[in-house]
Amino acid sequence: MSGPSDYQPTNPALKWIEKRLPIFGLVHSSFVAYPTPRNLNYWWTFGGILSLMLGVQIVTGVVLAMHYTPHVDFAFKSVELIVRDVNYGWLLRYVHSNGASMFFIAVYIHMFRGLYYGSYKEPREVLWILGVIIYLLMMATGFMGYVLPWGQMSFWGATVITNLFGAIPYVGDSIVTLLWGGYSVGNPTLNRFFSLHYLLPFVIAGVVVLHVWALHVAGQNNPAGVEPKTEKDTVAFTPYATIKDGFGMACFLLFFAWFVFYIPNYLGDPDNYIPANPAVTPAHIVPEWYYLPFYAILRSIPNKLAGVIAMFSAIIVLAFLPWLDNAKTRSSRYRPLAKQFFWFFVVVCIGLGYLGAKPPEGIYVIAGRILTFCYFAYFLIVLPLLSRIEKPRALPNSIADDVLAKSGKKVLASLLVAFVAGGLLLGNVRTASAADDSHGAVPPSLKWSFSGPLGKFDQAQLQRGLKIYKEVCSACHALSYVAFRNLADPGGPGYSVAQAAAFASDYKIQDGPNDKGEMFERPGRPADYFPAPFANEQAARASNGGAYPPDLSLIAKARGYERGFPQFLFDAFIQFQEKGPNYVDALLQGYEEKAPAGFTLPDGSYYNHIFPGHAIKMPKPLSDGQVTFDDGSPATIQQYAKDVSAFLMWTAEPKLEARKRLGLQVMVFLILLSGLLYFTKKKVWANAH
């Protein structure tokens, strides 16, 4: 990829291989002796981070695929069983799901860096176009992967997005039918998406090889935007670039690890912890945050076909940048007007992301149309016009004359601005999904023993919560993802194996058929799961006034409320994950004897000021003195609500303590590694400067 290599192996075996397949010479010329501009800043590290994240996603994805079942009846459960029963399955799942977001964070920074420094200009046009192709493949792969858990948002996201292809004249309906494998999103759709989601990362890896090849042929761009002229302008890729990229990657992994081990569901939607139900449409169907700007463009245009064309054009227009911007000066550092318009474009993209999460109504539609115009105007009007009228500042004579030290603080400041802007976007995304009053009052934030990076479950509280579930909740609600043996697992209620077995024996489990072909009941065993109170959904609805009592295994992660910006940012640092328990606790205490004046309560419903819509079918489940605790805890509604909410947090996240314990070890290791790499980098680069 980088031309002839002077690498000469000394080992006889390596000489034999090199003579027949000069692979080591290729590696040496491409990743050791390859000349790298000496003024590259940390924005260039994100290219290496993207390679790392691609490898992480492929490895974790392959292992997850070994346990995943691509069938609409089993997909949701298989994902949960991976988290609960596979050794370190929770780690694989959270690394893969959060890795998708990290991948897109890195690729957006990588793309904006290319825009700012003109990395798409001659002779790097093919390099840039290959990057756009990779981005398109990433978006397709990410979308299909989001469908696989088969939760509510997965199902309805697939329904909405695939329906867009129906707007294509003549062939649209045929394309939709092909994607679905039928006449609605179902099992054939899931199988198609699983197959493509497994295949496309390897296609991405192939295009990445071409991307790196094109990079080594054309050479790397740099912040000054001038080509290397002498040996003083470059340094060897190894050790200079490798150690610098290694330090950047270690810092990025710290950021990544915080999400994986402490806030793994921070960027997700609670609705995706509800099994897919074609009969119940979520109040707000919102795609993952990295699709929101394009989703806003789609919705800003009233005509469906025009909206689809605009959405895809917003991506495809990137491939034409080398010809839309004819300015001779590459880097915006020396183009004052281009720099200002670039940051305006960044604000436009963030604004579109914000609007993509808002309901398409009122001022949001008008703002979306304005920002959509600004988005396309940047590429089709601003850049072509600037290339003709702008007078750039004088460029340095060479890379060696470019002073990197002056831009270091600017890079750090830009990173801080990007972080705050991203927090604003993500915070408002989450706020948007519960923007109307129908979502009920905001529950108060309570103190929980399991909160914070070092938090643990209170075993006595979990035991009290289990007792409440058994004596009150189990009459209507299932706990189908929790086995009796889990009661003796580390980090749980703290029962012994014998106690868990005794607890299981109190239940009657239907089994069979026996030798006579008949079903029979037997005492429960530790390997059994908590039995459902009803034989099927129809029986449950018939006994509850038409309402279907939800399974409580995941309720603490399937429910939540919005905290908005800037609290959303603070939550990332204080490791706030208690929205579900807070909501459940408040809901259980939120019943009122009478509905407020002017509120019409449907027949068979009860007023609850926390419940969305305020009309709930479930009668008030708790009352003072209903359950007696052996440890002398107060027999009050307030105590019951908090104890059972903590218990349901454990049922939803049984590996919480193990996750935090491993997270502490990983964070300490990465901090030490980052420090060592930083001082090593300073030592290595001392001679280069």
Side-chain angles (χ1 to χ4, degrees), residues 72-73 75-76 79 143-167 173 176-177 179-190 193 265 268-289 291-292 294-296 298-300 302 304 307-308 311 355-362 364-365 368 429-440 537-538 540-541 544-551 554-555 557-562 580 583 587 602 605 608 610-618:
V72 294
D73 294 334
F76 185 88
V79 172
F143 165 66
M144 292 174 186
Y146 189 58
V147 175
L148 299 187
W150 211 242
Q152 270 289 75
M153 203 56 69
S154 295
F155 173 84
W156 288 101
T159 301
V160 170
I161 299 302
T162 52
N163 262 310
L164 296 178
F165 291 94
D173 291 339
V176 172
T177 302
L179 288 171
W180 287 350
Y183 298 99
S184 64
V185 174
N187 199 61
T189 317
L190 184 61
F193 281 17
N265 300 299
D269 195 303
D271 278 358
N272 233 27
Y273 281 105
I274 303 172
N277 187 346
V280 179
T281 307
H284 297 286
I285 301 175
V286 180
E288 286 288 78
W289 67 267
Y291 299 127
L292 288 175
F294 306 103
Y295 191 56
L298 168 72
R299 298 191 309 176
S300 67
K304 184 178 180 180
V308 172
M311 181 180 69
L355 294 173
K358 292 290 185 180
E361 57 190 27
Y364 299 129
V365 175
V429 166
R430 294 294 167 247
T431 304
S433 64
D436 56 273
D437 181 63
S438 66
H439 280 73
E537 180 178 337
Q538 289 72 21
R541 290 186 182 278
N544 290 276
Y548 181 53
D551 189 294
L554 290 164
I555 202 74
K557 292 197 293 189
R559 298 292 185 271
Y561 57 94
E562 308 311 321
Y583 172 84
L587 177 75
S605 298
N608 188 301
I610 296 295
F611 188 75
H614 307 304
I616 186 172
K617 287 285 187 179
M618 179 175 70

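The structure presented is a predicted model; accordingly, all values stated were derived computationally and were not measured. Residue numbers start at 1 and run along the sequence shown.
Residue Asn163 holds its CG atom at 9.5 Å from CG of Asp173, rounded to the nearest 0.5 Å. With rounding to the nearest 0.5 Å, the separation of OG1 in Thr281 from CD in Gln152 is 8.0 Å. The structure places OH of Tyr295 at 13.0 Å from CG of Leu355, a figure rounded to the nearest 0.5 Å. Interatomic distance, Leu298 CG to Ile161 CD1, rounded to the nearest 0.5 Å: 7.0 Å. Taken from CD1 in Ile274 to CZ in Arg559, the straight-line distance is 4.5 Å, to the nearest 0.5 Å. For the atom pair Thr162 OG1 and Trp180 CH2, the distance stands at 5.5 Å (nearest 0.5 Å).
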Task: side-chain contact (heavy atoms from CB on, under 4.5 Å) assessment of Phe143 paired with Val147 - done: CA-CA 7 Å; Phe143 165 66; Val147 175; 4.2 Å; yes
- [ ] Apply side-chain contact (heavy atoms from CB on, under 4.5 Å) to Thr189 and Leu179, showing your working.
- [x] CA-CA 6 Å; Thr189 317; Leu179 288 171; 5.8 Å; no
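Among all heavy-atom pairs drawn from Trp150 and Leu190, the shortest one is CE3-CD1, 3.8 Å. Met153 approaches Tyr146 most closely through the heavy-atom pair CG-OH, 3.2 Å. Closest approach of Val308 to Ala167, counting heavy atoms only: CG2-CB, 4.3 Å. Closest non-hydrogen pair, Asp271 versus Asp269, comes out as N-OD1, 2.9 Å.
Between the side chain of Asn608 and the main chain of Phe611, a donor-acceptor pair closer than 3.5 Å is present. Listed for the Asn277 side chain is a donor-acceptor partner under 3.5 Å among the backbone atoms of Ala279. When atom types are taken as modelled, the side chain of Asn272 and the backbone of Ser154 share a donor-acceptor pair closer than 3.5 angstrom. Remark: the backbone N or O of Gly356 is paired with a side-chain donor or acceptor of Arg299 at under 3.5 angstrom. Proximity of a side-chain donor or acceptor of Trp156 to a complementary backbone N or O of Val280 within less than 3.5 Å is detected.
With a 4.5 Å cut-off on side-chain heavy atoms, Lys557 and Asn265 count as touching. By the 4.5 Å heavy-atom criterion applied to side chains, Met311 and Ser300 are not counted as neighbours.
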